[in-house]
Amino acid sequence: MTKDAPRQKKPDLVSRDYTIHLAKLTHKITFKKKAPRAIKEIKKFATGAMGTKDVRIASELNKFIWSRGVRNTPTRVRVRLSRKRNEDEDADEKLYTIAHLVPVESFKGLQTENVDA
């Protein structure tokens with residue numbers, strides 16, 4: 001692409017399904033910090049994938065992460081990341097990302113998918 005060519009603008013509102021390997025991200029983390037670190041890693045992943053600093057975790061995803069206690073977080077989690085417009089007028093960011101849980105039977109063969117929302 002040349003300097004003069006116009007850049008294509010990313011679509012504002014988009015939803016995608018991702019599989020996040022939490023065991024890899026929370027390996028060698030102190031037991032009492034595993035679930036909080038898993039939440040932070042999901043937020044960090046969503047920030048990179050969606051390009052928004054404001055990331056919100058849905059309550060069902062939070063309950064799923066904490067369902068086995070602070071020590072035994074799930075190995076993997078399927079997450080739907082949705083970029084939305086911020087309705088708050090005095091917000092710093094005009095877009096935010098919300099992460100929802102996508103229940104699946106097995107993680108075998110799953111890939112990132114765009115979702116019509």
Side-chain angles (χ1 to χ4, degrees):
M1 185 186 324
T2 64
K3 286 185 180 180
D4 299 333
R7 294 185 68 175
Q8 286 186 343
K9 188 173 180 252
K10 285 192 241 177
D12 250 7
L13 310 174
V14 68
S15 293
R16 292 191 199 104
D17 285 354
Y18 292 96
T19 301
I20 302 175
H21 192 358
L22 290 177
K24 185 167 66 173
L25 299 173
T26 58
H27 181 63
K28 289 192 172 181
I29 301 299
T30 307
F31 275 158
K32 295 297 182 179
K33 296 180 181 178
K34 265 198 182 212
R37 173 62 75 94
I39 297 293
K40 286 176 191 157
E41 292 293 338
I42 291 171
K43 285 186 174 187
K44 191 164 103 178
F45 180 88
T47 299
M50 289 297 192
T52 61
K53 289 192 177 103
D54 186 5
V55 178
R56 302 169 191 181
I57 303 288
S59 61
E60 76 262 7
L61 177 58
N62 190 47
K63 285 179 183 170
F64 179 74
I65 298 297
W66 284 87
S67 64
R68 293 167 23 189
V70 70
R71 293 168 41 152
N72 302 313
T73 56
T75 308
R76 286 182 176 83
V77 63
R78 188 76 171 167
V79 174
R80 176 164 294 149
L81 299 179
S82 303
R83 190 171 18 191
K84 301 194 175 200
R85 281 198 189 88
N86 216 339
E87 301 297 324
D88 194 13
E89 287 85 25
D90 55 329
D92 295 337
E93 302 275 327
K94 66 177 186 177
L95 297 172
Y96 71 94
T97 302
I98 185 147
H100 289 283
L101 175 69
V102 179
V104 292
E105 294 294 318
S106 171
F107 293 100
K108 302 279 185 194
L110 291 177
Q111 292 185 338
T112 299
E113 298 174 358
N114 285 327
V115 179
D116 297 330

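Source: prediction; values computed, not measured.
Contact annotation: the side chain of K94 never approaches that of N86 to less than 4.5 Å [non-hydrogen atoms, C-beta and beyond]. Between R80 and R16, the closest side-chain pair of non-hydrogen atoms is not below 4.5 Å. A heavy-atom distance below 4.5 Å is not found between the side chains of L95 and K84. The shortest side-chain heavy-atom distance between T47 and T52 does not fall under the 4.5 Å cut-off. You'll find the side chain of M50 reaches within 4.5 Å of the side chain of V14, heavy atoms only. Taking the side chain as every heavy atom from C-beta outward, P36 and V70 approach each other to under 4.5 Å. In this structure, the side chains of R76 and L22 stay at 4.5 Å or more apart for every pair of heavy atoms. For the pair V104/L110, a side-chain contact is recorded, criterion being any heavy-atom separation below 4.5 Å from C-beta on.
When all heavy atoms are compared, the tightest approach of A35 to G69 is CB-O, 4.2 Å. Closest heavy-atom contact between V79 and A99: CG1-CB, 3.8 Å.
If you take NE2 on H21 and CZ on F107, they are separated by 10.5 Å, rounding to the nearest 0.5 Å. Atom CD1 of I29 and atom NZ of K34 lie 7.5 Å apart (nearest 0.5 Å). Rounding to the nearest 0.5 Å places CD1 of I98 at 4.0 Å from NE2 of H100. How far CD1 of I57 is from CZ of F64: 13.0 Å, rounded to the nearest 0.5 Å.
Other residues, nucleotides and ligands contribute over 12 non-hydrogen atoms within 6.0 Å of the CZ atom of R56.
Put simply, W66 and F45 are part of the same group of oily side chains (I, L, V, M, F, W, Y) that touch within less than 4.5 Å, one to the next. A single hydrophobic cluster is not seen to contain both V55 and I65; linkage of ILVMFWY side chains at heavy-atom distances under 4.5 Å, directly or through other members, places them apart.
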### Task
Report the C-alpha distance between T19 and R78 in whole Å, list the side-chain angles of each, state the deciding distance to 0.1 Å, and finish with yes or no for side chain to side chain donor-acceptor pair (under 3.5 Å).
CA-CA 4 Å; T19 301; R78 188 76 171 167; 2.6 Å; yes

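Judged by distance alone, the side chains of R83 and T97 never bring a donor and an acceptor atom under 3.5 Å apart.
Using a cutoff of 4.0 Å between basic side-chain nitrogens and carboxylate oxygens, E41 and K44 are scored as salt-bridged.
Within the 3.5 Å criterion, the main-chain N or O of K32 finds no donor-acceptor partner in the side chain of T30.
I42 pairs with exactly one of N62, I20, L81 by the side-chain contact (heavy atoms from CB on, under 4.5 Å) rule, that one being I20.
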